[in-house]
Participant: 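Once you've had a glance at the structure underneath, I'll fire off some questions.
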Amino acid sequence: MWLSKNGEQIGYWRKANAIHKWFVDNTQDGKDECQESDVSIEQILILYNLCKKVIKNPKKYSELLPMQGGFFFGSTEYSDYYLEYVKDTKKILKKCLNNPLEKYQYQASW
């Protein structure tokens with residue numbers, strides 16, 4: 001799974017199923033077909049703020065940024081690994097917010 005701008009990869013996730021679920025639900029109308037989807041700077045800001053809330057509220061992981069199960073997604077436990085990919089996501093999105101473009105693209109590939 002990656003985030004890009006103008007064809008240049010700016011973020012990459014591996015088995016970050018909660019992040020993928022968020023993009024599918026919020027930028028792909030719930031369709032998970034490995035398609036590229038446009039992501040606005042407003043959507044990036046929403047996910048960035050959500051990551052900040054998750055990091056501050058460990059007891060609300062499943063409520064704030066729920067995982068999804070599936071063959072390609074790995075563990076569905078709210079573990080240290082989950083928290084690490086949320087922190088990594090926050091860093092990736094911060095770069096986008098520091099250099100905002102009108103749109104970014106997200107795509108997953110299985």
Side-chain angles (χ1 to χ4, degrees):
M1 303 176 297
W2 59 89
L3 188 66
S4 61
K5 65 176 180 181
N6 302 323
E8 178 186 336
Q9 182 176 305
I10 57 172
Y12 174 80
W13 297 268
R14 189 175 185 304
K15 298 192 184 252
N17 60 47
I19 303 303
H20 176 67
K21 178 180 178 0
W22 188 92
F23 279 110
V24 169
D25 291 347
N26 292 278
T27 70
Q28 298 177 335
D29 295 323
K31 296 178 186 162
D32 188 2
E33 299 171 347
C34 296
Q35 75 273 25
E36 183 176 275
S37 60
D38 289 332
V39 183
S40 69
I41 197 68
E42 291 82 12
Q43 290 168 315
I44 287 172
L45 181 60
I46 290 168
L47 181 54
Y48 176 80
N49 287 328
L50 186 56
C51 289
K52 285 176 30 177
K53 287 180 186 176
V54 167
I55 292 164
K56 290 181 182 179
N57 297 291
K59 293 184 180 185
K60 293 189 175 186
Y61 287 170
S62 63
E63 178 185 328
L64 294 168
L65 193 59
M67 289 201 220
Q68 75 178 32
F71 177 73
F72 296 106
F73 297 119
S75 174
T76 55
E77 291 182 37
Y78 294 94
S79 64
D80 290 341
Y81 181 74
Y82 169 89
L83 185 57
E84 283 306 309
Y85 73 64
V86 171
K87 288 178 180 179
D88 289 344
T89 300
K90 183 179 166 234
K91 289 177 191 174
I92 292 166
L93 299 175
K94 179 75 172 175
K95 291 180 202 174
C96 298
L97 294 169
N98 286 338
N99 299 299
L101 292 177
E102 191 168 317
K103 291 206 177 179
Y104 290 83
Q105 295 79 39
Y106 172 79
Q107 186 170 14
S109 177
W110 317 119

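Remember, predicted model here, so these are calculated numbers, not experimental data.
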Participant: Is there a path of hydrophobic side-chain contacts, each under 4.5 Å between heavy atoms, that joins Val24 and Val39?
Facilitator: no
Participant: Once you round to the nearest 0.5 Å, how far does CD of Glu36 lie from CH2 of Trp2?
Facilitator: 9.0 Å
Participant: Hey, what's the ring geometry for Tyr61 with Tyr78, parallel, tilted or perpendicular (30° and 60° as the breaks)?
Facilitator: tilted
Participant: Would you compute the distance between atom CG of Leu3 and atom CD1 of Ile10 and round it to the nearest 0.5 angstrom?
Facilitator: 4.0 Å
Participant: Could you go through the side chain to side chain contact (heavy atoms under 4.5 Å, CB included) check for Gln105 and Asp38 one step at a time?
Facilitator: CA-CA 5 Å; Gln105 295 79 39; Asp38 289 332; 3.8 Å; yes
Participant: Taking the side chain as every heavy atom from C-beta outward, state whether Leu97 and Ile41 have any atom pair closer than 4.5 Å.
Facilitator: yes
Participant: Under a 4.5 Å side-chain heavy-atom rule over Ile, Leu, Val, Met, Phe, Trp and Tyr, are Tyr48 and Tyr104 clustered together?
Facilitator: yes
Participant: What pair of heavy atoms forms the shortest contact from Cys34 to Ser109, and how long is it?
Facilitator: SG-CA, 4.0 Å
Participant: Provide the closest heavy-atom pair for Lys15 versus Tyr81 in the form atom of the first, atom of the second, distance.
Facilitator: O-CE2, 3.8 Å
Participant: Any donor and acceptor pair, going by atom type alone, linking the side chain of Glu8 with main-chain N or O of Asn6 inside 3.5 Å?
Facilitator: no
Participant: Atom OG of Ser37 and atom NZ of Lys31: how far apart are they, to the nearest 0.5 Å?
Facilitator: 12.0 Å
Participant: Calculate, to the nearest 0.5 Å, the distance between atoms CG and CD1 belonging to Leu65 and Ile19 respectively.
Facilitator: 4.5 Å
Participant: Could you list the residues that satisfy salt bridge (charged side-chain N to carboxylate O under 4.0 Å, His left out) with Asp25, not counting sequence neighbours?
Facilitator: Lys21
Participant: Show the nearest heavy-atom pair for residues Asn57 and Lys53, with the distance to one decimal.
Facilitator: ND2-O, 2.8 Å
Participant: Which atoms form the tightest heavy-atom contact between Cys51 and Lys90, and what is the distance?
Facilitator: CB-CB, 4.1 Å
Participant: I'd like to check Met1 versus Tyr106 (side-chain heavy atoms, cut-off strictly below 4.5 Å). Are they in contact?
Facilitator: yes
Participant: Give the C-alpha distance, both sets of side-chain angles, the deciding distance and a yes or no for side chain to side chain contact (heavy atoms under 4.5 Å, CB included) between Tyr85 and Asn17.
Facilitator: CA-CA 9 Å; Tyr85 73 64; Asn17 60 47; 3.5 Å; yes
Participant: Count the heavy atoms of every other residue, nucleotide or ligand shown that sit under 6.0 Å from CG of Asn98, and state whether that count exceeds 12.
Facilitator: yes
Participant: Kindly compute the distance separating OG (Ser79) from CD (Glu84), expressed to the nearest 0.5 Å.
Facilitator: 9.5 Å
Participant: Given side chain to side chain contact (heavy atoms under 4.5 Å, CB included), test Trp13 with Ile92 step by step and report yes or no.
Facilitator: CA-CA 10 Å; Trp13 297 268; Ile92 292 166; 3.9 Å; yes
Participant: Do you know the tightest heavy-atom contact between Gln43 and Ser40?
Facilitator: OE1-N, 2.8 Å
Participant: Only one of Val54, Ile55, Val86 clears side chain to side chain contact (heavy atoms under 4.5 Å, CB included) with Leu64; which?
Facilitator: Val54
Participant: Mind checking the CG-CG spacing from Asp88 to Leu83? Nearest 0.5 Å is all I need.
Facilitator: 9.5 Å
Participant: Quick one, Ile46 and Asn26 - any side-chain contact, counting heavy atoms below 4.5 Å?
Facilitator: no
Participant: Mind listing the closest non-hydrogen atom pair of Asp32 and His20 along with its distance?
Facilitator: OD2-NE2, 3.0 Å
